[in-house]
Amino acid sequence: MNNDVFVIAEHSDAGLTDATFELLGAARRLADAWGGQVVAVIVGNAGVAGQLGSADVVVTVDAPADYTSEAHERVLAGQVTSRDPRLVLMSMSTQGLDLAAALSATCDRPLVSYVVGLEPDGDAVVATAQIYGGKIMAEVVVESQAAICAVIAGSFPADAGRGAGSPAVEAADAPALDGLRTTFVARHAPDAGDVDITVADILVAVGRGIGGEDDIELVQEFADALGAPVAASRPITDNGWLPKSRQVGKSGLKVKPRAYLMFGISGAPEHLEGMRDAELIIACNTDEQAPVFDVAHYGTTVDLFDLLPELTERASA
Amino acid sequence: MRIAVLLKQVPDLVEEFEIDDAGTDIDREFLTFLLNEFDNQALEEALLIKDATGATVDVVALDDPEVDQALYTAIAKGADRAIKLTGANGDGWLSTHARAAVYAGWLTGESYDLVLTGVQAADDLDGQLAPMLGALLDVPHVSVVVGVEAADGTARIRQEFAGGAISELDVSLPAVVGVQAAGAEPRYAAIAKIRQAQQEGNVDEVAVDPPAAASGLTIRRMYPPEKSDRAEMLSGSEADVADRIIALLRERGLVQG
Ligand SMILES: Cc1cc2nc3c(=O)[nH]c(=O)nc-3n(C[C@H](O)[C@H](O)[C@H](O)COP(=O)(O)OP(=O)(O)OC[C@H]3O[C@@H](n4cnc5c(N)ncnc54)[C@H](O)[C@@H]3O)c2cc1C
């Protein structure tokens, strides 16, 4: 094992993800503390290597352009095993959820998921993870010191990883990709939807605390009085109570309205990823321990069924 | 087609969490346990495949707190068989590495075409079960899945990405799938049917060896998030709170008048 820190770079249709730069910034502190290098690994898209200026080394490996867990896992396992860095950083994205635990098993390295903080401690890494939907923090040390950490998006500043530089670019040999049992078929863009919630000044957001489809109307009435669209957490769109285009969060949209008003949303990390930068966040949740109160500016534990009619009345006045 | 759905119990996240005396785990004594919500989605997806193809659906769990309830409920919803693997759970948290090792050992002697489980669980600190199990069994695995269509020997899988983009993939079976959301809202089980399943008591218990695998992690401490930058709480009646919220919006010019 050497003292390097791997960053698994990710690209979407819009280029390298912000999370990639967040990881690069976090990797720098750790690599400097250990006297190692920041090695960015990019699978199947060598063209973006020039944007990874804050790494010391960029390793590019050929792979089919369309992502499949099986091909990427084989490529990454090869790199992790042969270069044997002290730490591998991945994002808790779809790829992270697909690959991190598989690499943990294949490369026999412990994995910490849901990481929001990373500190060096001698030769080891101390990771702080957010578990139980964000209700509990766990401070974890990896005994063997050769670890993988899967990091929640937004945990580190992306700017710290956007430095300009001219890292050495190494094209690594791709492993044999024969015998794959997974075939990419097609990619579908998300439906555009009737309303663009990313441009609204105010959003009224509803979560599972609403209980049933019929009561969405209560939220809609308040939103109408404000002239704001209704946004939602994932269970609401999964259940088909509102269109998918209203979903905020990791697998929904990122929004930054001037005010984000939340009713019956617990504040799971996957939801917070999409709205934590809103200018004003007000949350209504009957559970005073709900993690949503860690990011909201104002909160109330009043029942949403009591509060919403009062709000609608005042907003319509 | 034979489908196994792996179920796990997790604490109800709406409850108050306390840390144990050692400061390194949650105190489970007074918590209520529920089926991991994503495992419930996995079960629904399996039942939808059964409805479409006549596949058999077995639900499998370790000896987690209050797990029998989840198994009987699954039977009431239409699962064909419930299996509880006993002897693997210790006193506290059972890592995903340990769970994956137990399941990999047991599944090797079975012949399932598809293994479905939730994409993640509230306490899977050391990683997610589906990809780990796929790697241990050396079968293809796909996670963050929102749809599975299975036909002899292959499955067409819909995998979701940031912003809601979808990839369609074909995998050859057997395969392990981490389900994010089923194609329909999870069905409810009639209480009478759950009672009936309970009375019939047909959960097959299979003893397994305690897992040798461990997470490799040392938890130094667990704590609730720091209170320092928590929200300012608005107190009073719902009318008082509504007045304050409207005033906050008005100050910012977001409500007229
Ligand atoms: C890969 C992945 C991607 C995901 N992407 C997203 C995403 O994009 N967006 C997203 O939102 N989630 C996403 N999730 C799901 C996320 O993990 C949570 O399950 C989800 O955010 C929970 O939604 P919720 O807060 O509405 O429901 P819950 O967590 O069930 O919370 C409901 C809340 O309502 C409160 N409540 C109940 N009754 C009342 C009442 N009468 N008055 C006031 N409050 C009440 C409760 O105290 C509770 O806190 C994703 C998960 C995964 C694994």
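Below, read A as the first sequence line, B as the second, and so on, with proteins coming before strands; counting in each chain starts at 1.
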A.B. asks: Give the member of A/V141, A/T182, A/I131 that has the highest number of heavy-atom pairs under 4.5 Å with chain B.
C.D. replies: A/V141
A.B. asks: Please classify the contact of B/S215 with chain A as side chain, backbone, both or neither, using a heavy-atom distance under 4.5 Å.
C.D. replies: backbone
A.B. asks: Are any of the side-chain heavy atoms of B/V144 and A/Q95 separated by less than 4.5 Å?
C.D. replies: no
A.B. asks: So which part of B/V146 gets closer than 4.5 Å to some heavy atom of chain A, the side chain, the backbone, both or neither?
C.D. replies: side chain
A.B. asks: Quick check for you: among A/L180, A/V302, A/L97, A/T68, which has the greatest number of heavy-atom pairs under 4.5 Å with chain B?
C.D. replies: A/L97
A.B. asks: Examine whether an atom of A/I202 lies under 4.5 Å from a heavy atom of chain B, and if so say whether it belongs to the side chain, the backbone or both; otherwise answer neither.
C.D. replies: side chain
A.B. asks: Let me see the working for A/T94 and B/E160 under side chain to side chain contact (heavy atoms under 4.5 Å, CB included), right down to the final yes or no.
C.D. replies: CA-CA 7 Å; A/T94 293; B/E160 194 180 75; 5.5 Å; no
A.B. asks: Going by atom types only, do B/Q159 and A/D98 share a side-chain donor-acceptor pair under 3.5 Å?
C.D. replies: yes
A.B. asks: Heavy atoms only: give me the nearest B/E185-A/W241 pair and the separation to one decimal.
C.D. replies: OE1-NE1, 3.9 Å
A.B. asks: Please identify, among A/E273, A/Q247, A/E73, the residue contributing the most non-hydrogen atom pairs under 4.5 Å to chain B.
C.D. replies: A/E73
A.B. asks: Which residues, numbered in order, of residues 23-33 of chain B come under 4.5 angstrom of chain A by heavy-atom distance?
C.D. replies: B/I26, B/R28
A.B. asks: Taking the side chain as everything from C-beta on, heavy atoms only, tell me whether B/D124 gets closer than 4.5 Å to A/Y114.
C.D. replies: yes
A.B. asks: Report the distance from atom CD of B/E44 to atom CG of A/D238, rounding to the nearest 0.5 Å.
C.D. replies: 12.0 Å
A.B. asks: Give the member of A/A315, A/A101, A/P291 that has the highest number of heavy-atom pairs under 4.5 Å with chain B.
C.D. replies: A/A101
A.B. asks: Chain A heavy atoms under 4.5 Å from B/V171: which part of the residue, side chain, backbone, both or neither?
C.D. replies: both
A.B. asks: Name the region of B/A121, side chain, backbone, both or neither, that has any atom closer than 4.5 Å to a heavy atom of chain A.
C.D. replies: backbone
A.B. asks: I need the residue from A/L111, A/I282, A/T286, A/L307 with the largest number of non-hydrogen atom pairs under 4.5 Å to chain B.
C.D. replies: A/L111
A.B. asks: If the plane angle is over 60° it's perpendicular, under 30° parallel, otherwise tilted; pick one for A/Y67 and B/F161.
C.D. replies: perpendicular
A.B. asks: Sort B/L249 into side chain, backbone, both or neither according to what part of it lies under 4.5 angstrom from a heavy atom of chain A.
C.D. replies: side chain
A.B. asks: With a 4.5 angstrom heavy-atom cut-off, could you sort out which part of A/E10 is near chain B: side chain, backbone, both or neither?
C.D. replies: neither
A.B. asks: Please report the closest heavy-atom contact between A/K244 and B/G164, naming both atoms and the distance.
C.D. replies: CE-CA, 4.4 Å
A.B. asks: List the steps and the verdict of salt bridge (Lys or Arg N to Asp or Glu O under 4.0 Å) for A/R234 and B/E37.
C.D. replies: CA-CA 12 Å; A/R234 170 145 205 157; B/E37 65 169 298; over 6 Å; no
A.B. asks: Between A/Y298 and B/V241, is the side chain to side chain contact (heavy atoms under 4.5 Å, CB included) condition met? List the steps.
C.D. replies: CA-CA 10 Å; A/Y298 295 90; B/V241 172; over 6 Å; no
A.B. asks: Just give me the residue among A/P110, A/S251, A/A296, A/S69 that pairs up with chain B most often, heavy atom to heavy atom, under 4.5 Å.
C.D. replies: A/S251
A.B. asks: Name the region of B/I157, side chain, backbone, both or neither, that has any atom closer than 4.5 Å to a heavy atom of chain A.
C.D. replies: neither
